[in-house]
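Heads up: the structure comes next, in structure tokens.
Note that these values count all heavy atoms, side chains included, but never hydrogens, waters or copies made by symmetry.
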Amino acid sequence: MTSAIQIIYASQSGRNQAIAGHLQAQLASKVQTVVTEISQADAFALSENDAVIVVTYTYHDGDLPDEAQDFFEDLKEVDLARTKFAILGSSSKKHIHFGRAVDYLTMQLNSSNGEQVADSVKIDQDPDDADWQRVDQLAQRVLTSLA
């Protein structure tokens with residue numbers, strides 16, 4: 001049976017959508033992938049996947065994106081039944097709370113009984129070569145966790 005990874009993203013500028021696309025390109029030859037914009041994602045169906053990767057931006061000075069609010073609230077009612085997950089996203093180091101949306105989602109998915117299989121990755125603005133390496137390492141850790 002082929003493993004399935006859902007990649008969920010929130011993107012205002014397009015950079016997190018590009019990161020989600022990059023992840024899909026890295027993973028698609030090895031597992032089934034589906035990419036979903038976060039406002040269309042169903043938190044109650046996450047456990048149907050073998051793994052979930054969430055890519056989000058941090059809005060303003062540490063807030064979840066508006067389009068992620070319903071998803072986040074639904075996560076509070078979900079038992080992920082040890083579904084493997086990883087979180088990453090962009091922010092700006094100019095803000096006091098750099099990447100806090102990544103932290104919020106990481107904490108909530110852990111609280112929802114998910115199994116975090118890679119350290120969360122925070123990217124300052126647009127990814128550079130070192131950031132893309134960290135994104136690729138996260139993807140590899142998720143794949144390795146499914147073996």
Side-chain angles (χ1 to χ4, degrees), residues 4-28 31 33-146:
I5 298 175
Q6 184 175 13
I7 302 166
I8 299 169
Y9 73 91
S11 190
Q12 186 174 49
S13 66
R15 78 174 49 105
N16 286 313
Q17 184 175 9
I19 293 168
H22 178 86
L23 284 165
Q24 184 180 36
Q26 294 291 347
L27 298 168
V31 295
T33 59
V34 61
V35 177
T36 310
E37 196 279 323
I38 200 162
S39 67
Q40 303 300 310
D42 182 358
F44 296 98
L46 291 183
S47 63
E48 295 171 10
N49 299 285
D50 297 298
V52 176
I53 301 172
V54 181
V55 187
T56 187
Y57 64 95
T58 298
Y59 184 69
H60 194 254
D61 215 10
D63 299 326
L64 284 167
D66 288 343
E67 64 270 28
Q69 293 293 333
D70 289 341
F71 179 78
F72 185 80
E73 289 303 314
D74 288 348
L75 282 174
K76 295 177 181 178
E77 301 176 33
V78 171
D79 181 356
L80 292 177
R82 306 298 297 160
T83 301
K84 295 168 182 359
F85 76 89
I87 311 290
L88 69 158
S90 65
S91 185
S92 172
K93 288 189 175 178
K94 294 176 186 171
H95 295 139
I96 295 169
H97 303 293
F98 173 66
R100 187 175 267 178
V102 170
D103 298 334
Y104 286 147
L105 283 162
T106 300
M107 287 186 287
Q108 188 54 57
L109 283 159
N110 274 306
S111 294
S112 297
N113 202 25
E115 179 184 344
Q116 186 172 358
V117 296
D119 290 339
S120 298
V121 173
K122 296 178 184 179
I123 298 166
D124 185 25
Q125 310 263 341
D126 291 312
D128 61 19
D129 289 343
D131 293 323
W132 286 121
Q133 284 184 327
R134 294 187 308 139
V135 170
D136 292 346
Q137 289 170 351
L138 178 142
Q140 188 57 49
R141 286 188 182 106
V142 173
L143 276 177
T144 301
S145 76
L146 299 176

Heavy-atom side-chain proximity of Gln140 to Leu143 below 4.5 angstrom
yes
Going by the rule side chain to side chain donor-acceptor pair (under 3.5 Å), which residues pair with Gln26 if we only count those two or more places apart in sequence or in a different chain?
His22, Asp136
At what distance, to the nearest 0.5 angstrom, does OG1 of Thr56 lie from CD1 of Ile8?
11.0 Å
Taking only residues two or more places apart in sequence or in another chain, which ones pass side chain to side chain donor-acceptor pair (under 3.5 Å) with Asn110?
Gln116
Check the pair Arg15, Asp126 against side chain to side chain contact (heavy atoms under 4.5 Å, CB included), reporting the backbone distance first and the verdict last.
CA-CA 7 Å; Arg15 78 174 49 105; Asp126 291 312; 3.0 Å; yes
For Glu48, enumerate each residue passing the salt bridge (Lys or Arg N to Asp or Glu O under 4.0 Å) test, keeping only those at least two apart in sequence or located in another chain.
none
On a heavy-atom basis, which atom in Gly89 and which in Val102 lie closest, and how many Å separate them?
N-CG2, 3.7 Å
Can you check whether Thr58 reaches Phe98 side chain to side chain, under 4.5 Å on heavy atoms?
no
Please check if atom OH in Tyr59 has more than 12 non-hydrogen atoms from other residues, nucleotides or ligands closer than 6.0 Å.
no
Side-chain heavy-atom pair Leu23, Leu88 within 4.5 angstrom cut-off:
yes
Approximate separation, where rounding is to 0.5 Å, of Ile7 CD1 and Asn49 CG
10.5 Å
Do Gln108 and Lys76 have side-chain heavy atoms sitting under 4.5 Å apart?
yes
His95 side chain vs His60 backbone, donor-acceptor pair below 3.5 Å:
yes
Excluding sequence neighbours, so at least two apart, what forms side chain to side chain contact (heavy atoms under 4.5 Å, CB included) with Ala51?
Ile5, Lys84, Val142, Leu146
Looking at every heavy atom in both Asp74 and Ala43, which two are closest together, and how far apart are they?
CB-CB, 3.7 Å
Over all atoms of both residues, closest heavy-atom pair of Phe85 and Thr106
CZ-O, 3.9 Å
To check you understand the geometry: which heavy-atom pair defines the closest contact between Tyr104 and Phe72, and what is its length?
O-CE1, 3.5 Å
What is the distance from atom OG of Ser90 to atom CG of Asn16, rounded to the nearest 0.5 Å?
3.5 Å
Leu80 and Val78 have their tightest heavy-atom pair at CD2-CG1, 3.5 Å
Around His97, counting heavy atoms of other residues, nucleotides and ligands shown, do more than 12 lie under 6.0 Å from its NE2?
yes
As an exercise, state the distance from CG of Asp61 to CG of Asp63, rounded to the nearest 0.5 Å.
8.0 Å
Where at least one partner belongs to residues 90-106, residue pairs that pass salt bridge (charged side-chain N to carboxylate O under 4.0 Å, His left out), sequence neighbours excluded
Asp103-Lys122
Can you list the residues that meet the side chain to side chain donor-acceptor pair (under 3.5 Å) rule with Gln69, with sequence neighbours excluded?
none
First locate atom CG of Asp79, then atom OG of Ser47, and finally report the distance between them rounded to the nearest 0.5 Å.
7.5 Å
Quick one, Tyr9 and Glu37 - any side-chain contact, counting heavy atoms below 4.5 Å?
yes
Does any non-hydrogen side-chain atom of Asp124 lie less than 4.5 Å from one of Ser92?
yes
Determine whether Ile123 and Arg134 satisfy the following criterion, side chain to side chain contact (heavy atoms under 4.5 Å, CB included), listing intermediate values before the conclusion.
CA-CA 9 Å; Ile123 298 166; Arg134 294 187 308 139; 4.0 Å; yes
Find out whether Leu109 and Leu75 are in side-chain contact, i.e. whether some heavy atom of one side chain is under 4.5 Å from a heavy atom of the other.
yes
How long is the gap from OH on Tyr57 to CG on Leu64, to the nearest 0.5 Å?
9.5 Å
Closest heavy-atom contact between Ala118 and Ala86?
CB-CB, 4.1 Å
Check: Val135 and Val55 side chains under 4.5 Å, non-hydrogen atoms:
no
